Amino acid sequence: MKMLKKLTEYAQRKSPWILHYDCSSCNGCDIEILACLTPIYDVERFGAVNVGNPLHADVLLVTGSVNLRNAAVLKELYRQMPEPKAVLAVGACALSGGVFRDAYNVLGGVDKVIPVDVYVPGCPAKPESVLDGVILALEKFRRDADHGDKS
Amino acid sequence: MNNLLIALGALFLALLFGGLIQGLDRRLTARIQRRVGPPILQPYFDVLKLWAKEPLFTSSMTEVCAWGGLAGSAAALGLFFAGQDLLLVFFTQAVGAVLPAVGALASPSPYSQTGGQRELLQLAAYEPVLLVVLACVGQASGSFSANAPLHLSGPLLPSLPLTFAALLLVMGIKLRKSPFDTAASAHAHQELVRGLYTEYSGPSLALLEVAHWLDTLLLLGICALFWATSLWGMTLLIALVWLGEIVLDNASARLTWPWLLAVFWGPGLLLAAANLAWVVW
Ligand code: SF4
């Protein structure tokens with residue numbers, strides 16, 4: 001039983017399926033994230049797949065600042081992801097609102113709406129640091145398995 | 001009793017090696033795209049992870065259909081390796097193939113609905129062709145038993161070249177490879193969110209993933225019947241077909257469904273039927 005649990009936990013860290021949601025980014029960060037899929041960075045080395053369906057996702061990767069319009073969409077996407085899941089905020093905008101933080105409709109960073117596990121800074125964030133962030137987020141699954149809690 | 005043991009043994013081996021084939025496929029695809037690609041064992045990690053995820057359903061039919069789909073595929077593979085009747089194998093795999101579409105149609109999600117309808121169209125396209133292909137194999141080897149081609153004096157391929165071409169078309173759909181992956185495709189290709197699989201998540205997606213491994217093996221097994229008299233010939237044939245499918249997958253775009261139907265009901269059926277007529281007379 002213990003063996004199976006260890007194996008499952010290992011599998012969880014080896015197979016992160018990523019859902020990418022662009023809140024209201026300038027697309028700078030999104031281009032860097034797409035770069036992760038190219039042959040130079042090849043995120044599939046780590047078993048990661050870019051999925052378009054929250055029901056299949058393990059990691060929610062958010063770029064851009066949260067505003068009054070997209071807050072509900074972001075919450076809904078998070079709600080539709082089955083446990084265990086992790087959230088990655090990528091870029092200055094997703095961290096705090098970035099250059100858009102003073103705009104009249106901007107609420108701020110992603111953590112204003114849903115719990116964030118890993119913050120990846122940068123404007124835009126580098127593909128290397130995005131990959132690092134994904135791998136760091138996977139450590140959360142190990143932690144969860146160790147403590148036996150699912151939040 | 002003996003047959004049951006053979007079938008169970010074959011299923012056990014299929015589960016052991018089915019994932020490996022998919023892993024090699026993903027690795028090879030990555031190499032064709034000049035990427036490094038995931039580890040060979042990746043499909044096992046994926047299935048284990050999916051199995052441990054929280055089950056979320058929009059319809060209770062989804063889970064039932066995922067189990068049914070796996071049971072159908074497993075039964076078909078077991079019957080095939082136990083040397084049972086090819087027509088029985090055909091109808092069992094058809095049940096396993098229809099159920100996932102039923103589950104997708106049970107959900108109100110428009111993406112899932114479209115995926116389910118496209119899967120039904122794919123079934124309508126390839127099932128008649130597969131049936132005629134198996135009829136050709138039965139005719140040419142003198143018996144519908146799945147191990148009859150093993151006891152022939154020469155391979156079937158020289159007398160069934162057109163049928164084999166039709167079977168290659170069917171393989172494209174069953175392996176979910178471009179250009180025939182209208183309903184749902186493997187790997188990172190995306191089609192309407194995830195087409196047929198949109199509403200299958202966590203454990204139920206894991207079941208369908210394993211069912212897909214078994215389907216792939218069944219189709220490769222049917223392919224092997226065309227050169228069943230020598231082990232080397234069989235291995236070479238399967239390897240060539242499998243490699244060809246992967247190259248084609250990477251080199252072609254997806255067909256729309258009217259084209260899909262046109263290809264299968266036109267050239268597909270004609271090739272198989274012409275060869276059947278040739279074998280019978
Ligand atoms: S962090 Fe910079 S690059 Fe990224 S979305 Fe914001 S403004 Fe654009």
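Just so we're clear, the structure is a prediction, and the values are computed from it rather than from any experiment. In what follows, chains carry the letters A, B, and so on, assigned in the order in which the sequence lines appear, proteins first and then strands, with residues in each chain numbered from 1.
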Margin query: Applying salt bridge (Lys or Arg N to Asp or Glu O under 4.0 Å) as the test, list every pair that has at least one member in residues 59-70 of chain A; sequence neighbours left out.
Written below: none
Checklist line | Side chain, backbone, both or neither of A:Tyr41 within contact of chain B (heavy atoms, under 4.5 Å) | finding: neither
Next item on the list: Mind ranking B:Gly202, B:Pro55, B:Gly37 by heavy-atom pairs under 4.5 Å with chain A and telling me who comes out on top?
Entry: B:Gly37
Next item on the list: Identify the heavy atoms of A:Pro84 and B:Ala52 that sit nearest to each other, and give their distance.
Entry: CD-O, 4.4 Å
Note to self: Quick one, B:Lys53 and A:Asp58 - any side-chain contact, counting heavy atoms below 4.5 Å?
What the structure shows: yes
Next item on the list: Output yes when a side-chain donor or acceptor of A:His56 lies under 3.5 Å from a complementary backbone atom of B:Tyr197, and no otherwise.
Entry: yes
Check: Quick one: CD1 on A:Ile40 to CZ on B:Arg35, what's the gap to the nearest 0.5 Å?
Finding: 13.0 Å
Check: Do NZ/NE/NH1/NH2 and the carboxylate oxygens of B:Arg26 and A:Glu44 come within less than 4.0 Å?
Finding: yes
Checklist line | Contacting moiety of A:Leu7, where chain B heavy atoms sit under 4.5 Å | finding: both
Margin query: How about OH on A:Tyr10, more than 12 heavy atoms from neighbouring residues, nucleotides or ligands closer than 6.0 Å, or not?
Written below: no
Check: Counting a contact as any heavy-atom pair under 4.5 Å apart, which residues of residues 38-50 of chain B contact chain A?
Finding: B:Pro38, B:Pro39, B:Gln42, B:Phe45, B:Asp46, B:Leu48, B:Lys49, B:Leu50
Notebook entry, point to check: What distance do B:Tyr111 atom OH and A:Asn53 atom CG have between them, rounded to the nearest 0.5 Å?
Noted result: 10.0 Å
